[in-house]
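Heads up, the thing below is written out as structure tokens.
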Amino acid sequence: MTSNERIGQRSVGQGAALITGASTGIGAAIAEKLAARGAELVLVARDSARLEAVAERLRAEHRVAVLTVPLDLSRQDAPARLAKRLEDAGVEVGTLVNNAGAAHIGAVGDVDPARIRQLADLNAGAVAETTALFLPAMLARGRGAIVNVASTAAYAPAPHNAVYGASKAFVLSFTRGLWYETRGTGVRVVAVSPGATETPMNPGRAPGKRRPEQVAETVVAALRGRAPAVVDGWAYRLQTFVFGRVLPTRTATALTGRFFLRAARHVR
Ligand SMILES: NC(=O)c1ccc[n+]([C@@H]2O[C@H](COP(=O)([O-])OP(=O)(O)OC[C@H]3O[C@@H](n4cnc5c(N)ncnc54)[C@H](OP(=O)(O)O)[C@@H]3O)[C@@H](O)[C@H]2O)c1
């Protein structure tokens, strides 16, 4: 019997934690934290070898069952295929972490339109559909948790990363709405917004940059809390407060645009 099959038979009680984008960066760090707490895991990303390497490490270090499901979540049929795969394996999802995401960096006119659609589908569409697929069973059980990973870029328009910012604003607003809908159901819903975090998406060290483990700690704390939205780290909490609530939108947009324009020049 493989580790992948064992998880189906052991998926009782609180259920497994399903983490998308779990092969690197923040998703892998969240998987590590939850495995350390004894959670059975379902890990999703496109690169199956990288995903399986993370799973193998977690099985060995934490003695937990881990199922890997390689999928491109930007594909229209991916969330439904994921749900079917888990249903067939008898896996009950107790915690869903919608973390997979990508950015484009660059003016909209410079980005391949197909890439723009793909980003919106991955960062926003897949998050909403995956949530809708796993929520009903959580509501029926009267317990469960959904963490949607947004971004500080959700709090103000993001010129030169506009689709990314808009998709994260979608995630934040969607999650806040869902939080309200699910009050009193036993299902915990929360959006967690990291700021700049040192991962393959945002490589290199810089002052104030967070480590994926810190974001994962914030996710674990957010699961225990009650707020609909949490920002990782006090400096980013201050930043989102200022950009989202204090500055006029046009000023916040200009400052964010300057930041991403510099990033775009760096990427080129
Ligand atoms: N790093 C930051 O500064 C930062 C800041 C704010 C918010 N965030 C958010 O945090 C989340 C994680 O980002 P990260 O920095 O950890 O990025 P990362 O290291 O690039 O990891 C992204 C993860 O998502 C997976 N992924 C990418 N495209 C996918 C697709 N089409 N289908 C399925 N899986 C896919 C990747 O694996 P494969 O490539 O194998 O698919 C990988 O596991 C994202 O939602 C991101 O927007 C990051």
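Numbering starts at 1 and runs along the sequence shown. The figures here come from the full heavy-atom set of this structure, side chains too, leaving out hydrogens, waters and symmetry mates. When a ligand or atom number is given, it counts from 1 through the structure's own listing order.
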Which of the numbered atoms in ligand 1 are under 4.0 angstrom from any heavy atom belonging to Lys168?
44 (C), 45 (O), 46 (C), 47 (O)

So for ligand 1, is Gly21 a polar contact partner (N or O within less than 3.5 Å, distance only)?
yes

Count I, L, V, M, F, W, Y as connected when their side-chain heavy atoms are under 4.5 Å apart, and connections chain through other members. Are Leu119 and Val108 then in the same cluster?
yes

Straight-line distance of Asn123 CG to Tyr164 OH, nearest 0.5 Å
7.0 Å

What residue and atom, counting heavy atoms only, is the protein's closest point to atom 3 (O) of ligand 1, and at what distance?
Thr197 N, 2.8 Å

With a 4.0 Å cut-off on heavy atoms, is Gly195 touching ligand 1?
yes

Gly27 N/O to ligand 1 N/O under 3.5 Å:
no

Per-atom contacts, ligand 1 versus Pro200 - under 4.0 Å to a heavy atom
19 (O)

To check your reading of the model: name the closest protein heavy atom to atom 38 (P) of ligand 1, its residue, and the distance in Å.
Arg50 NH2, 3.4 Å

Check whether any N or O atom of Tyr164, backbone or side chain, sits under 3.5 Å from an N or O atom of ligand 1, and answer yes or no.
yes

Check each atom of ligand 1 against the heavy atoms of Ala196 and keep those under 4.0 Å away; list them by number with element.
3 (O)

Top protein contact for atom 39 (O) of ligand 1, by heavy-atom distance
Arg46 NH2, 2.9 Å

Mind checking whether Asp47 has an N or O less than 3.5 Å away from an N or O of ligand 1?
yes

Could you measure the distance from the OG atom of Ser151 to the CE atom of Met201? Nearest 0.5 Å is fine.
8.5 Å

For Val149, the ligand 1 atoms with a heavy-atom partner under 4.0 Å come out as 9 (C), 10 (O), 11 (C)

Tell me whether Arg115 at atom CZ has more than 12 heavy atoms from other residues, nucleotides or ligands lying less than 6.0 Å away.
yes

Hey, what do you get for CG (Asn161) to CZ (Phe259), rounding to the nearest 0.5 Å?
9.0 Å

Go through the steps for Lys33 and Glu213 under the test salt bridge (charged side-chain N to carboxylate O under 4.0 Å, His left out), then give the verdict.
CA-CA 8 Å; Lys33 289 272 183 248; Glu213 297 74 26; over 6 Å; no

Distance to 0.1 Å, residue and atom name: give those for the protein heavy atom nearest to atom 44 (C) of ligand 1.
Asn99 O, 3.1 Å

So, does Trp179 use its side chain to make a donor-acceptor pair with the main chain of Arg226 at under 3.5 Å?
yes

If you round to the nearest 0.5 Å, how far is CG of Leu86 from CZ of Phe134?
4.5 Å

Look at atom 32 (N) of ligand 1 and say which protein heavy atom is nearest, naming residue and atom and giving the distance to 0.1 Å.
Leu73 N, 2.8 Å

So is Arg210 in contact with ligand 1, going by heavy-atom distances below 4.0 Å?
no

Do the non-hydrogen side-chain atoms of Ile19 and Leu41 ever get within less than 4.5 Å of each other?
yes

Could you list the atoms of ligand 1 found under 4.0 angstrom from a heavy atom of Ile26?
10 (O), 16 (O), 48 (C)

Please check if atom CZ in Arg37 has more than 12 non-hydrogen atoms from other residues, nucleotides or ligands closer than 6.0 Å.
yes

Any idea which protein heavy atom is nearest atom 15 (O) of ligand 1, and the distance to it?
Thr199 OG1, 2.5 Å

Do the side chains of Leu43 and Leu67 get nearer than 4.5 Å, heavy atoms only?
no

Verify, without hydrogens or angle tests, whether His104 (side chain) and Gly106 (backbone) share a donor-acceptor contact under 3.5 angstrom.
yes

Ligand-residue contact atoms, ligand 1 with Ser23, heavy atoms, under 4.0 Å:
36 (C), 37 (O), 40 (O), 42 (C), 43 (O)

Could you tell me if any non-hydrogen atom of Asp72 lies under 4.0 Å from any atom of ligand 1?
yes

To which protein heavy atom is atom 13 (O) of ligand 1 closest, and what is the distance rounded to 0.1 Å?
Met201 CE, 4.0 Å

With hydrophobic residues grouped by side-chain heavy-atom distances under 4.5 Å, do Val64 and Val54 end up in a single group?
yes

Please state whether Ala150 comes within less than 4.0 angstrom of ligand 1, counting heavy atoms only.
yes

Using a 3.5 Å distance criterion without hydrogens, assess whether the side chain of Thr68 forms a donor-acceptor pair with backbone atoms of Leu51.
no

Which protein heavy atom lies closest to atom 42 (C) of ligand 1, and at what distance to 0.1 Å?
Thr24 OG1, 3.3 Å

Please say whether Ala102 places an N or O atom under 3.5 Å from an N or O atom belonging to ligand 1.
no

By number and element, which atoms of ligand 1 are closer than 4.0 Å to a non-hydrogen atom of Ala22?
43 (O)

Counting heavy atoms only, which of Gly25, Gly101, Ala153 comes nearest to atom 22 (C) of ligand 1?
Gly101

Proximal atoms of ligand 1 relative to Leu71 (non-hydrogen, under 4.0 Å):
32 (N), 33 (C)

Check whether NZ of the Lys or CZ of the Arg Arg183 lies under 6.0 Å from the centre of the six-membered ring of Tyr180 and within 45 degrees of that ring's axis.
yes

